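Below: the structure, in structure tokens.
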Amino acid sequence: MNSLLPRSFYEQYDTITLAQKLLGCDLISQQSAGQTAGIIVETEAYLTNDPACHAYRKKTTRNAAMFGPAGTVYVYLIYGLYHCLNVVSAAEGLGEAVLIRAIEPTEGIELMEQRRINQTKSEKTPVFKPEQLCNGPAKLVQALGISLSDHNGTCLVSGSLSINSASLVDFEMVATTRIGLTQGVDLPYRFYIKGNRFVSRK
DNA sequence: TTCCGGATTACCT
DNA sequence: GGTAATCCGGAAA
């Protein structure tokens, strides 16, 4: 059985390598409502010298968590209405992170559905196929019950959000360009599990 | 102090 | 395929 990744796991790799190593690992959210979990199938790397990175310019209240030690959780608000989840990487004070873009739901799927339904602003109740639950950075944040106030700056080694060692190891990885950016668009810093249907975009 | 645009998603045609 | 929803950090459009 797989086990909780220790601090040393996050410290021992550079950001790009960590983004690749996180593929296949289990992302687990433990809350009073129940446990939800999924396999990480898609990630993106954000480096400190990369204009698309939030820490590219300087440390602010918003991006402060990115400058914490490797294994810190960085959550931020995007487009004023969604949140994204990052794993802080590299040396403390550097400001690099791995964006978790998609997971394959494995546990607590009903709870995930409920959270997604509750957080979707719509007149009628949406119906989600399993692959629509977590196939995007803001979607998995909703499904796992992650919030800015509860999780930003927390620790993956000792908090309610954690990552276990890879449960999926036998796969092909694709490296390609990142999604939704206007800067650094040509850098091949997006990684996903080839053929996995829970990836946000092929 | 003001204004622009973003590591997105859902719903419309 | 196009766009509305909706907040805030950073540049000064």
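First the proteins, then the strands, lettered A, B, ... as listed; each starts at 1. Just so it is clear, the structure is predicted and the values come from calculations on it, not from any experiment.
- Side-chain contact between A/His83 and A/Ile146: absent, with no pair of heavy atoms (C-beta onward) separated by less than 4.5 Å.
- Between the side chains of A/Arg115 and A/Gln142, no donor N or O sits under 3.5 Å from an acceptor N or O.
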Report summary line: Annotated structure of DNA chain B as dot-bracket, pair cut-off 3.5 Å, Watson-Crick or G-U only, | for inter-strand, is ||||||.|||||.

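- Taken from CG in A/Leu77 to CZ in A/Arg62, the straight-line distance is 7.0 Å, to the nearest 0.5 Å.
- Under the side-chain hydrogen bond (donor to acceptor under 3.5 Å, both in side chains) criterion, the residue pairs touching residues 71-82 of chain A are A/His54-A/Tyr74, with sequence neighbours excluded.
- For the P atom pair drawn from B/dT2 and C/dT6, the interatomic distance equals 23 Å after rounding to whole Å.
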**Report entry** Annotated protein contacts, base or backbone, on nucleotides 5-13 of chain B with a non-hydrogen cut-off under 4.0 Å, one of B, S, - each
**Finding:** -BBBBSS--

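- Note on residues 84-107 of chain A: pairs passing salt bridge (charged side-chain N to carboxylate O under 4.0 Å, His left out), not counting sequence neighbours, are A/Glu42-A/Arg101, A/Glu44-A/Arg101.
- The stretch residues 165-177 of chain A participates, sequence neighbours left out, in these salt bridge (charged side-chain N to carboxylate O under 4.0 Å, His left out) pairs: A/Glu172-A/Lys194.
- A/Leu161 places a side-chain heavy atom less than 4.5 Å from the side chain of A/Leu85.
- Nucleotides C/dT3 and B/dG5 place their C1' atoms 15 Å apart, quoted to the nearest Å.
- Distance check, rounded to the nearest 0.5 Å: OG of A/Ser200 to CD1 of A/Ile179 gives 4.0 Å.
- The gap from the C1' atom of C/dA13 to that of B/dG6 amounts to 15 Å, rounded to the nearest Å.
- First and last contacting nucleotides of DNA chain C toward chain A (any atom under 4.0 angstrom from a heavy atom, 5' to 3' order): C/dA5 to C/dA11.
- Side-chain contact between A/Pro126 and A/Ile117 is present, with at least one heavy-atom pair separated by less than 4.5 Å.
- Within the 4.5 Å cutoff, the side chain of A/Phe191 has no heavy atoms near those of the A/Val98 side chain.
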